[in-house]
Amino acid sequence: MNLIFLGPPGAGKGTHAEVLSKTKNLCHLAAGDILRRNIKEGTSLGMEAKDIMAKGELVPDMLVNSMMFAEIKMLKVKGCEGFILDGYPRTIGQAEELDKFLASEKMTLTAAINFDASEAVVVERLSGRRLCAVDGKIYHVKNMPPKVEGICDCHGQPLVTRKDDQPETIRKRLAVYHESTKPLIEYYARKGILRNVQADGDAPLVQEKIAKLFEKVG
Ligand code: AMP
């Protein structure tokens with residue numbers, strides 16, 4: 001099963017991709033996480049992406065496409081039965097290149113799941129989001145707090161806020177979403193593979209909706 005998770009930043013794509021990838025033995029390929037890993041490791045891709053990401057803008061298609069294609073090529077080696085693309089594609093250009101790449105690999109997309117979340121909910125989630133500095137596990141100051149305030153449950157380290165989760169950058173990322181990424185909803189609807197999930201509710205509620213959807217999708 002090969003899935004795309006669509007939706008604005010803060011819609012819960014990462015959280016739900018993490019759960020579903022485990023239950024369905026899929027590789028969770030989160031473009032933002034892979035880019036952040038490249039920044040941490042100081043690769044040339046990371047160096048090109050760093051300032052762009054800090055501003056909430058999009059990394060050029062060509063760079064992200066080749067990064068994601070390399071990840072998809074590793075699926076079998078990793079023993080995954082498919083993938084969840086989380087935060088990729090983010091432009092029509094990326095989606096078209098992905099189609100060509102998948103055709104060349106004789107792979108197909110099973111579904112594009114659109115996480116439909118309102119602007120108010122998304123802003124609240126992003127501004128309260130905190131991460132474990134060691135493994136990137138996601139917390140939220142109100143909705144998913146750690147056992148001890150400000151400290152990650154697994155490693156006992158202070159939680160961090162992503163640079164691009166600052167209010168001004170959140171606004172920029174949402175504007176970029178509306179302009180460049182939202183048209184993908186129509187793109188996948190026309191292909192007949194779009195599925196909508198109302199994602200404003202708490203994580204367990206949304207998870208139930210996803211589980212129901214997969215009773216149908218397979
Ligand atoms: P995310 O973790 O998905 O919120 O992504 C964080 C940032 O990484 C975005 O704001 C972009 O700067 C960059 N990024 C992630 N995915 C893509 C993509 N598919 N195309 C271009 N830039 C991306």
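Sequence positions, counted from 1, serve as the residue numbers for this chain. All values below were derived from every heavy atom in this structure, side-chain atoms included, with hydrogens, water molecules and symmetry-related copies excluded. Note that the structure is a prediction, hence the values are computed from the model and not measured.
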Can you see which heavy atom on [X] is nearest to which on [Y], and at what distance?
{"X": "Lys24", "Y": "Met1", "answer": "CD-CE, 3.6 Å"}
{"X": "Leu35", "Y": "Met67", "answer": "CD2-SD, 3.6 Å"}
{"X": "Val206", "Y": "Gln198", "answer": "CG2-O, 4.1 Å"}
{"X": "Tyr139", "Y": "Pro145", "answer": "CD2-C, 4.2 Å"}
{"X": "Ala111", "Y": "Arg195", "answer": "CB-CG, 4.4 Å"}
{"X": "Ala54", "Y": "Lys163", "answer": "CB-CD, 4.3 Å"}

Open item on the list: Under the side-chain hydrogen bond (donor to acceptor under 3.5 Å, both in side chains) definition, can you give me all pairs with a residue in residues 169-179, not counting sequence neighbours?
Closed with: Glu119-His178, Asp165-Arg173
- [ ] Please collect all side-chain hydrogen bond (donor to acceptor under 3.5 Å, both in side chains) contacts where either partner lies in residues 143-159, sequence neighbours excluded, each pair once.
- [x]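 Pairs touching residues 143-159 that pass the test: none.
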Hydrophobic cluster membership, with links at side-chain heavy-atom distances under 4.5 Å among I/L/V/M/F/W/Y: are [X] and [Y] in one?
{"X": "Leu58", "Y": "Ile34", "value": "no"}
{"X": "Met68", "Y": "Leu184", "value": "yes"}
{"X": "Phe5", "Y": "Leu213", "value": "yes"}
{"X": "Leu159", "Y": "Ile151", "value": "no"}
{"X": "Leu98", "Y": "Leu29", "value": "yes"}

- [ ] With sequence neighbours excluded, tell me which residues meet side-chain hydrogen bond (donor to acceptor under 3.5 Å, both in side chains) with Arg36.
- [x] Asp33
- [ ] Report the residues that fulfil side-chain hydrogen bond (donor to acceptor under 3.5 Å, both in side chains) with Glu97, sequence neighbours left out, ordered by chain and then residue number.
- [x]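 Testing Glu97 for side-chain hydrogen bond (donor to acceptor under 3.5 Å, both in side chains), a comparison that skips the adjacent residues, returns Lys100.
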Side-chain donor-acceptor pairs under 3.5 Å in residues 11-18, sequence neighbours left out?
{"unit_1": "Lys13", "atom_1": "NZ", "unit_2": "Gly7", "atom_2": "O", "d": "3.0"}
{"unit_1": "Lys13", "atom_1": "NZ", "unit_2": "Pro8", "atom_2": "O", "d": "3.1"}
{"unit_1": "Glu18", "atom_1": "OE1", "unit_2": "His28", "atom_2": "ND1", "d": "2.8"}
{"unit_1": "Glu18", "atom_1": "OE2", "unit_2": "Lys22", "atom_2": "NZ", "d": "3.2"}

- [ ] List for me each residue that meets disulfide (SG to SG under 2.5 Å) alongside Cys152, sequence neighbours excluded, and say none if there are none.
- [x]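 Cys152 satisfies disulfide (SG to SG under 2.5 Å) with no other residue.
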Open item on the list: Tell me every residue that passes disulfide (SG to SG under 2.5 Å) with Cys132, counting only those two or more places apart in sequence or in another chain.
Closed with: none
Open item on the list: Holding to salt bridge (charged side-chain N to carboxylate O under 4.0 Å, His left out), I want the full list of residues that pass it with Asp116, two or more places apart in sequence or in another chain.
Closed with: none
TODO: Mind checking salt bridge (charged side-chain N to carboxylate O under 4.0 Å, His left out) for Glu186 and listing every partner two or more places apart, or none if nothing turns up?
DONE: Arg190
[X] [atom1] to [Y] [atom2] distance, which is reported to the nearest 0.5 Å:
{"X": "Ile52", "Y": "Asp164", "atom1": "CD1", "atom2": "CG", "result": "13.0 Å"}
{"X": "Leu6", "Y": "Asn196", "atom1": "CG", "atom2": "CG", "result": "9.5 Å"}
{"X": "Ile4", "Y": "Tyr187", "atom1": "CD1", "atom2": "OH", "result": "8.5 Å"}
{"X": "Phe83", "Y": "Ile72", "atom1": "CZ", "atom2": "CD1", "result": "4.5 Å"}
{"X": "Lys212", "Y": "Ile210", "atom1": "NZ", "atom2": "CD1", "result": "12.0 Å"}
{"X": "Lys50", "Y": "Ile39", "atom1": "NZ", "atom2": "CD1", "result": "7.0 Å"}

To which residues is [X] joined in a hydrophobic cluster, defined by side-chain heavy-atom contacts under 4.5 Å among Ile, Leu, Val, Met, Phe, Trp and Tyr, whether direct or through other members?
{"X": "Leu126", "answer": "Val122, Val123, Ile170, Leu174"}
{"X": "Val160", "answer": "Leu131, Ile138"}
{"X": "Met144", "answer": "none"}

Are any non-hydrogen side-chain atoms of [X] and [Y] less than 4.5 angstrom apart?
{"X": "Tyr188", "Y": "Asn114", "result": "no"}
{"X": "Phe214", "Y": "Ile113", "result": "yes"}
{"X": "Val59", "Y": "Met53", "result": "yes"}

More than 12 heavy atoms of other residues, nucleotides or ligands under 6.0 Å from [atom1] of [X]: yes or no?
{"X": "Lys209", "atom1": "NZ", "result": "yes"}
{"X": "Lys78", "atom1": "NZ", "result": "yes"}
{"X": "Met62", "atom1": "CE", "result": "no"}

Open item on the list: Test your reading of the model: is there a side-chain donor-acceptor pair from Ser21 to the backbone of Cys27, 3.5 Å cut-off?
Closed with: no
Open item on the list: So if I apply the side-chain hydrogen bond (donor to acceptor under 3.5 Å, both in side chains) rule between Gln94 and each of Asn65, Asp61, Asp99, Thr181, which one comes out positive?
Closed with: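 By the side-chain hydrogen bond (donor to acceptor under 3.5 Å, both in side chains) criterion, Gln94 pairs with just one of Asn65, Asp61, Asp99, Thr181: Asp61.
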Task: Distance under 6.0 Å and angle within 45° of ring axis: Lys73 vs Phe69 - done: no
- [ ] For Lys137 and Asp135, run salt bridge (charged side-chain N to carboxylate O under 4.0 Å, His left out): C-alpha distance rounded to whole Å, both residues' side-chain angles, the deciding distance at 0.1 Å, then the answer.
- [x] CA-CA 6 Å; Lys137 185 173 185 298; Asp135 65 5; over 6 Å; no
